[in-house]
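FYI, side chains are in, hydrogens and waters are out, and symmetry mates aren't considered; it's all heavy atoms of this structure. Here is how names work: the chains are called A, B, and so on, in the same order as the sequence lines, proteins then strands, and each is numbered from 1.
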Amino acid sequence: MTNEYLINILGILTILALFFLIVSLIFKMEKVKELRVEVDNLKKSLDEMDEQAKLIVRTDMELNKTQEELDKKIIGLYALQRLSRTISTTLEENQIFKMIEPEYLEELGFERAAAFLWDEKEKKFTLQLSVGYLNDEAEIIKSSVDKDHGAYLDVIRNERTISSISIPKGTFLRENLCSLFKANDFVISPIMPKEGSKGFLFVGTQNLDITMTEGDEELITIFCNQIGQAIENARLFEKIWLSQQDLEKKVEERTRALQNALNEVKLVSKRKNDFISAVSHELRTPLTSIKGYASILLAGKLGDVPEDMRLRLDKINRHSDELTHLVNDLLDISRIESGKVTMKRETQDLQRTVASVADLLSVQLKEKQIELFLSIPDDSRNVLADATQISRVFINLIGNALKFTPANGKISVQSQKVGDEIQIDIVDTGCGIPENAKEAIFEEFYRVENTINEQVKGTGLGLSLVKHIIEAHGGKIWVRSKLGEGSTFSFTLPQS
Amino acid sequence: MEIHIGVGASSESDEITAVREALRQARLKIPSERIDLAIIFTTINFSYSSILKTISLYLKDTPLIGCSGAAVISHKGIFKHGIVIMLLNIPEGVYFNTASVTDIKAKGALNAGEELGEKLLYGFQGVRRDFGITFSDGLIDETSNFIFGLQEKLGKSFPLAGASASDDLLFKKTYVYYNQNVMNDAACGLLWGGKLNFGLGVKHGWKPLGKPRHVTKSNDNVVHEIDGYAAANIYKDYLASDLENLKKEIKRISILYPIGIYLSGEEEYLLRNLLAIRDDGSLVLQGNVPEGSQIRLMIGTKESCLLATHQAIEEVMLGLGARKINLLLVFDSVSRYILLGRRAEEELKIIRKTLGEDTQIAGLYTFGEQAPLRAINYQGVTRLHNQTITLVGIGG
């Protein structure tokens, strides 16, 4: 009984346990189901995220490519700017290519470069630049370029850049260029200065990772334009420099010739002065004797002098005076010219000087009924001059005016202050001076051809002497005149 | 006694002038006449033997190691054409040994690594070895195996930093310098011991993108299948491109979207650059990818790159504590140089701003960097990296 009871209880318990187990299993299965859904969701999310990752990678790749392109362009532009700045710093043609640094070219994406200029006389290309090549390699390139110069001259003639972009792969030209210049990608662009020899620049790279773009082609074209411009500037500068050198040489030669001529003139002038001085001195002695003997004869100290003889002796006496006068003038001019006479500069009252001269000439003035007017204001009254010499200036100039002014004419002497100098004008109403004689009258022994000069004797030394005296004072003299309307002689003297 | 280091740099086009100028600058920073070690980095297109000859004229038999790079880095700037020379005057208590290995391809990278390790250890008995620097030809396919070989001799978790030499991005020839020898298919190394204080920083800044995937078939640095499909499908899918276009764009893809290997416990993914895509759809990577590895496609930007530079310097500073940095060696991936483009100098600016304008810097752009990933406490295993900036700070 007891056993049966126990078995029943155990059976019930087993059933209950089974029940709970089944219920728990059902719950677990539900949980597993839920977890499976969760795992599926997570797997789905992971797949979705993986898909997103793919999108990210693709976008990132595109962005990086764009960035690389941009970087390359910026670096290229910087390099181009630096290159342009560098080559523009020289004005020597043979220095331009030497200034193209390999590192700048590398920044442009090219580790190899060669530049050539066409020599029209020699009919061959000359190598100006070689980067990334050994000497032997550069020689091979040079001789090959010379051999096929026609093809390279075409690049220059057509003024067109060619590159591994524009020449299709597999063509003979491209393969030839690639193998000659040892490059996988390249650009060849003409260098076109306006005048003189033109050429081309080759730049290339062996790096297969570098993708050449049209932008690279453009950069190299711009760079070649700048090289062309730099060469042009250098040539222009050289031309200007050479012509300047030529000019300087000519100026130097001319100056030397003029200096020689001047020295010659000075020498001649000195000889002339020496000669005049010597001759004058030699003339003076016999003249004094002639004049002395004539005076003795005229005075009747050697017996009576018949009228005819007196007349002749008078003439001898007068001519001797004139000759003495001439010799004295000549001597003065010669002395002033050679600097033997120093002007003793003192304050001179123009009013007084002119008045004393007028006094001296009063007889002649009266004879010809000529009025002499003085207009010397106080502010232009005093000059710094040698008293004797300045009197001679006035005697000569007023004397001349008197000589060439017809009777009843007018002479005026005026002074005015001009800057630091005093200008004196001697104005007459005489016959005037022809235009062509205005300069010559100041030369020695020059005499204007006119009726008065034919009648009145003169040495032709007066104005020359005046000019010498004025210039020795640091002043200048000139004349304004019109035939038949009188003359104005003006000169300047330092103010006192 | 403190280690004295002088760095000189020159961008003169004539190598003899450049060496003289760089040596003069470097010497100025060293109070002693004695130079114990020279490290040099050069760009391509120099007469390398002429460089080494000129240096030997001044430094006689001073041990020298170095390699070539697409550009050299110094506190004077980044030179696309230039030379950087470091001269070291090493105090008592600090030991070093240099060695080289040649014919790596013929010997096998693993064996060559072991040979270099052995040579470096020679003469180091009884001295605690601290740290190693290696420079190797950047065009060796199996640099990962070379490092494994070194680790066989120096210890699995021995801290190593190094650079794979690079050229002017034509991937034609890179150079390793050892004493007066200019070498290809070779590597050289430097082992430090004693009381040298140094800090390491390695960061790349690339982030994982998309679903995690698994390498189902690979052989060293060639990944044949990913998730049972041809490995190249990962790039075909993400870039919506066919095999031909992918091959054309390989350089850009390699820089922008490398493969990242997930390493359990490491902070950053280990990056692998794409070297080639084979016609069967397999990917040739710069460095090994073990079968079963979890990988991700990685994405990087200029900003993330520069942020990584910042983080790498912080790691160096953490490693050195309060000590002043005497010299900062920079092994910077050429990929970063290309990606940053005009902003490449910004990395240098960040370094100088953080460490001070007077910090001496010497480095180069590399085809691969070697460093432990978890660099802060040096416990990480040294690996071959791509796309990183690897910094080694040598303290006073």
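Of the two parts of A:Leu63, neither the backbone nor the side chain holds a non-hydrogen atom closer than 4.5 Å to a non-hydrogen atom of chain B. For B:Arg213, the part lying under 4.5 angstrom from a heavy atom of chain A is the side chain only. Neither the backbone nor the side chain of A:Gln52 comes within less than 4.5 Å of any heavy atom in chain B. For a residue to count as touching a neighbouring chain, one of its non-hydrogen atoms must lie under 4.5 Å from one of that chain's; by this rule B:Ile299 touches chain A with the side chain only. Residue B:Ile250: no heavy atom, backbone or side chain, is found under 4.5 Å from chain A. In this structure, chain B has a heavy atom under 4.5 Å from the side chain of A:Glu68, while its backbone stays farther away. Contact of B:Lys80 with chain A is made through the side chain alone, with heavy-atom distances under 4.5 Å. Within the 4.5 angstrom heavy-atom criterion, only side-chain atoms of A:Asn64, from C-beta onward, approach chain B.
At a cut-off of 3.5 Å, with distance as the only test, a side-chain donor of B:Thr174 or B:Asp137 sits close to an acceptor on the other residue. A:Asp216 and A:Thr213 are linked by a side-chain donor-acceptor pair at a separation below 3.5 angstrom, with hydrogens and angles left out of the test. Between the side chains of B:Glu347 and B:Thr309, at least one donor-acceptor pair of N or O atoms lies under 3.5 Å.
Taking A:Asp71, A:Asp60, A:Ile75, A:Leu46 one by one and counting their heavy-atom pairs under 4.5 Å with chain B, the maximum is reached by A:Asp60. Residue with the most contacts toward chain A among B:Leu239, B:Leu339, B:Ile338, B:Ile253: B:Leu239 (heavy-atom pairs, distance under 4.5 Å).
A donor-acceptor pair under 3.5 Å is formed between the side chain of B:Asp227 and the backbone N or O of B:His214.
You'll find the ring centres of B:Phe46 and B:His81 inside the 6.0 Å limit.
Salt-bridge check for A:Lys65 with B:Glu249: passed, with a basic side-chain N closer than 4.0 Å to an acidic carboxylate O.
Heavy atoms only, all atoms of each residue included: A:Arg235 and A:Leu117 are closest at NH2-CD1, 4.3 Å.
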